Amino acid sequence: MQSCESSGDSADDPLSRGLRRRGQPRVVVIGAGLAGLAAAKALLEQGFTDVTVLEASSRIGGRVQSVKLGHATFELGATWIHGSHGNPIYHLAEANGLLEETTDGERSVGRISFYSKNGVACYLTNRGRRIPKDVVEEFSDLYNEVESCESSSHSMDEVSLSAFGEWTEIPGAHHIIPSGFMRVVELLAEGIPGHIIQLGKPVRCVHWDQASGRPQGPEIEPRGEGDHNHNAREGGQGGGEPLGDRRDEDEQWPVLVECEDCEVIPADHVIVTMSLGVLKRQHASFFRPGLPAEKVAAIHRLGIGTTDKIFLEFEEPFWGSECNSLQFVWEDEAESCTLTYPPELWYRKICGFDVLYPPERYGHVLSGWICGEEALVMEKCDDEAVAEICTEMLRQFTGNPNIPKPRRILRSAWGSNPYFRGSYSYTQVGSSGADVEKLAKPLPYTESSKMAPMQVLFSGEATHRKYYSTTHGALLSGQREAARLIEMYRDLFQKGT
């Protein structure tokens, strides 16, 4: 790897190494999703001033992505606030008036019916026949496909039933935010000064435990006190001019965050919020030294899958006013032993389309879901191909050959996105809640007085044992890691006041 540059200060004992520049520890947060923003906001509110948030993509929000088309807002990522009693996402949305326009059809108690108003679900076969709902409910495969989309697994065969019970449902109704889930993200970001968040700033490697000896990574040239907090949205990359090789052992920082643009940001603590999917692919090269064996094993055992949405907008509805969804049942799959389809039949994993309601807000739009390996195949197709296949499916199942192609298609692609590699986590067969705890455990594990504590912390929905896969789990995990640092420095901060 090419030589990179860094900025450095003097060091002291492991705990007070962070008290540089007016007694402030330096914290770098990797990722500007709900977890990263919640962590940064909590730290800033408690008096931390040297905080930097590095976001690889060109936007904040992570797996929350609201897209506005015309007067409507469509959610490519998180859609529902799951539960209201004690849910921090709900309370934030409620306190800021985000739920005032939520209709009764956009509140759901118990099992969620995506977007749809109260009405009739139309169960259709690939031979154009409509069948009673009570008959369909006897088919476990249909249930399996719906459940696997909700769990983000390829099929329910991959979900550990013994660990599934650890997931905790928050009581109360589920809610949709009409103005977009991104409003919650924006509310979190409002409390964070713009210069703290750097967009388009992917991280290559986190070099930790640097102060206990020689660096584990490449030779890094010190840079002095460069302005690494400069806002990337204003075209700056941070840093100053190289000062030459003036580093000695007393100038070591515990952690060095090496960015893709070759800037190296020294820090006392790093909060890593990257998704489990990215950790699975990149942990071996992303951390130097490598992660402990038990954390690596937990990363491998826990599951993350892809659940994508497909929105189809039509000029006029071809469905009846009483229809709230079109559910697909393939008659030729009764004896099927697998839920994995060959790539050319990826569309068979789409179990139906929901009618978005009210039409005054969304227009005439159907929302389909696809998960697992078939979702990854779908992501490789272009919009025209997906629109054509979905139209043919609708014609086939309704028996109406005159259904027009949609005038517009919008879809997600979480599985192939290099910054996510999946939608959300689940407890895979062979995993347990203990693996979630191991994933969340800060580094280093040892409490040796010679090692700076809490160098690398982990947050994100996959690190919350009770609320994994949810937005409130992500937010709470970010606050949890911030609380570790707040508690760690409480006495030292009080001495300085």
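Just so it is clear, the model here is predicted, and its values are computed rather than measured. What's counted below: heavy atoms across the whole structure, side chains too, no hydrogens, waters or symmetry copies.
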A.B. asks: So, T470 versus E461: side-chain donor-acceptor pair below 3.5 Å or not?
C.D. replies: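 Side chains of T470 and E461: no pair found under 3.5 Å.
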A.B. asks: Which atom pair, heavy atoms only, marks the closest approach of H269 to L457?
C.D. replies: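 Closest heavy-atom pair between H269 and L457: CB-CD1, 4.2 Å.
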A.B. asks: For E101, I'd like to know if atom CD has over 12 heavy atoms of other residues, nucleotides or ligands within 6.0 Å.
C.D. replies: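 Check fails, neighbour count at 12 or below.
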A.B. asks: Taking ring-ring contact (aromatic ring centres under 6.0 Å, His included) as the test, write out the residues that go with Y419, two or more places apart.
C.D. replies: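 Not a single residue meets the ring-ring contact (aromatic ring centres under 6.0 Å, His included) criterion with Y419.
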A.B. asks: Let me know which of K201, R204, R288 forms a salt bridge (Lys or Arg N to Asp or Glu O under 4.0 Å) with E258.
C.D. replies: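 The residue from K201, R204, R288 that satisfies salt bridge (Lys or Arg N to Asp or Glu O under 4.0 Å) with E258 turns out to be R204.
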A.B. asks: Between D308 and R411, does at least one N-O distance fall below 4.0 Å, as a salt bridge requires?
C.D. replies: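 The answer is no: the pair does not qualify as a salt bridge.
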A.B. asks: Quick check: are there more than 12 heavy atoms from other residues, nucleotides or ligands sitting under 6.0 Å from CZ of R361?
C.D. replies: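 Yes - once you tally the heavy atoms of other residues, nucleotides and ligands closer than 6.0 Å, there are more than 12.
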A.B. asks: Please list all pairs passing the salt bridge (charged side-chain N to carboxylate O under 4.0 Å, His left out) test where one or both residues lie in residues 32-42, with sequence neighbours left out.
C.D. replies: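 Qualifying pairs: K41-E45.
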A.B. asks: Please say which of K441, R301, R465 ends up in a salt bridge (Lys or Arg N to Asp or Glu O under 4.0 Å) with D435.
C.D. replies: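 Among K441, R301, R465, the one that satisfies the salt bridge (Lys or Arg N to Asp or Glu O under 4.0 Å) with D435 is R301.
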A.B. asks: Examine R348 relative to W330 and say whether NZ or CZ is less than 6.0 Å from the centre of the six-membered ring and inside a 45° cone about the ring axis.
C.D. replies: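 Judged by the rule (NZ or CZ under 6.0 Å from the ring centre, within 45° of its axis), R348 counts as positioned above W330.
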A.B. asks: Heavy atoms, side chains only, cut-off 4.5 Å: are V206 and F286 in contact?
C.D. replies: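 V206 reaches F286 side chain to side chain.
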A.B. asks: At what distance, to the nearest 0.5 angstrom, does NZ of K309 lie from CD1 of I370?
C.D. replies: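 So the NZ of K309 and the CD1 of I370 are separated by 14.5 Å.
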A.B. asks: Are side-chain heavy atoms of I196 and L44 found at a separation under 4.5 Å?
C.D. replies: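 Heavy-atom side-chain distance check passes, below 4.5 Å.
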A.B. asks: Check the surroundings of atom CD in E190: do more than 12 heavy atoms from other residues, nucleotides or ligands lie under 6.0 Å from it?
C.D. replies: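 Yes.
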A.B. asks: Does a side chain donor of either D354 or S367 reach within less than 3.5 Å of an acceptor in the other side chain?
C.D. replies: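 Their side chains do not contain a donor-acceptor pair, so the 3.5 Å distance test is not met.
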A.B. asks: Just say parallel, tilted or perpendicular for the rings of F458 and F287, cut-offs at 30° and 60°.
C.D. replies: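 If you compare the ring of F458 with that of F287, the planes turn out tilted.
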A.B. asks: Ring centroid separation for H283 and H300, is it under 6.0 angstrom?
C.D. replies: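 Yes; H300 has its ring centre under 6.0 Å from that of H283.
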A.B. asks: To the nearest 0.5 Å, tell me how far S469 OG sits from H82 NE2.
C.D. replies: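 Nearest 0.5 Å value for the OG-NE2 distance: 7.0 Å.
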A.B. asks: Answer yes if the side chains of E75 and S66 hold a donor-acceptor pair under 3.5 Å, and no otherwise.
C.D. replies: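 Per modelled atom types, E75 and S66 side chains form a pair under 3.5 Å.
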A.B. asks: Between L256 and I265, is there a side-chain heavy-atom distance shorter than 4.5 Å?
C.D. replies: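 The answer is no; the side chains never approach within 4.5 Å.
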